[in-house]
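Remarks on the structure that follows.
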Amino acid sequence: MTNKKSSETMLTETPYIAIIDDDPGVRGSLGMLLETKNWTFAEFERAGDFLENAKPSDFNCMIIDIRIPDMSGLELFEELKRRAKNTNDYLSPALFLSGHGDIPMVVKALKQGAADFLEKPVDHRTLLDAIARALSADRSARTSHNSQAKLIQEISELTLREREVLTEIVGGYLSKQIADHLNISTKTVEAHRLRICQKFNIRTSMELAAKLRDVSPSLWKKSE
């Protein structure tokens with residue numbers, strides 16, 4: 001069972017790594033290797049154990065064996081990605097390990113977004129380097145996700161009408177067009193536009209559009 005930690009906290013704490021492998025010998029060996037870097041970790045024997053007892057965003061990296069009970073490592077990763085997408089939660093980088101890896105599995109894992117794919121037995125230095133790269137990617141991706149999540153939260157605090165106007169602004173429409181689309185006056189649109197800019201502490205619609213460039217309207221519409 002993992003401890004609940006905020007995504008912001010994970011940026012500054014000692015790296016926390018999930019080991020998901022049904023072989024206790026492999027888990028023990030990986031654990032000792034991680035301890036040489038003073039990295040903390042949690043062990044899981046089955047995919048179901050991880051899905052039931054862990055929160056992926058608590059970890060800075062996941063080391064997943066391809067062949068584990070219940071479902072394969074690739075199936076586990078697919079499920080984790082599905083859940084993260086549905087909840088707009090953060091998903092840490094995944095490294096896949098396999099003693100039976102082949103080219104199709106490597107290609108599929110990388111297409112799914114795996115940070116790396118290594119065949120057992122893996123050289124310790126190669127594995128540590130791969131984990132270090134994943135941890136670096138985690139810091140960047142987590143910071144970006146946190147910024148987006150904060151922005152979505154701020155958007156959710158707007159009124160329904162303000163979110164409608166916001167969607168139109170981001171769509172590139174002018175006040176007169178927005179007024180026609182929403183069946184309100186241009187003066188009312190301008191009033192909403194002003195309040196939205198004030199709430200986001202910006203001055204112009206161009207700044208607003210730039211701020212929201214990488215946030216899909218579908219994400220804030222979920223809160224309506």
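On a predicted model such as this, the values are computed, not experimentally measured, just so you know.
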Below 4.5 Å, heavy atoms only, C-beta onward: do Ile64 and Leu74 meet side chain to side chain? no
If two hydrophobic side chains count as joined below 4.5 Å and joins carry through other members, does Phe44 share a cluster with Ile17? no
Where do His145 and Arg142 land on the side-chain hydrogen bond (donor to acceptor under 3.5 Å, both in side chains) test, with the steps shown first? CA-CA 5 Å; His145 180 273; Arg142 192 180 294 269; over 6 Å; no
Applying salt bridge (Lys or Arg N to Asp or Glu O under 4.0 Å) to Asp23 and not counting sequence neighbours gives none
Test item: Ile19 and Val26 side chains (from C-beta on) under 4.5 Å apart, heavy atoms: no
Residues in side-chain contact (heavy atoms from CB on, under 4.5 Å) contact with Ser136, at least two apart in sequence or another chain: Arg139
Do NZ/NE/NH1/NH2 and the carboxylate oxygens of Glu164 and Arg161 come within less than 4.0 Å? yes
Give a yes-or-no answer on whether the side chains of Gln112 and Glu78 include a donor-acceptor pair shorter than 3.5 Å. yes
Taken in chain and number order and not counting sequence neighbours, the residues that satisfy salt bridge (Lys or Arg N to Asp or Glu O under 4.0 Å) with Asp180 are Lys176
Taking salt bridge (Lys or Arg N to Asp or Glu O under 4.0 Å) as the definition, give me every residue that meets it alongside Glu35, ordered by chain and number, with sequence neighbours left out. none
Under the ring-ring contact (aromatic ring centres under 6.0 Å, His included) rule, collect the residues that match up with His124, sequence neighbours excluded. none
Contacts of Asp129 that satisfy salt bridge (Lys or Arg N to Asp or Glu O under 4.0 Å) - sequence neighbours left out: Arg125
Between Arg82 and Glu79, is there a side-chain N and carboxylate O pair less than 4.0 Å apart? yes
Provide the closest heavy-atom pair for Asn60 versus Pro15 in the form atom of the first, atom of the second, distance. OD1-CA, 3.4 Å
Quick check: closest heavy atoms across Ser92 and Met62, and the distance to 0.1 Å? O-CE, 3.3 Å
Ion pair check, Lys199 and Glu157, cut-off under 4.0 Å: no
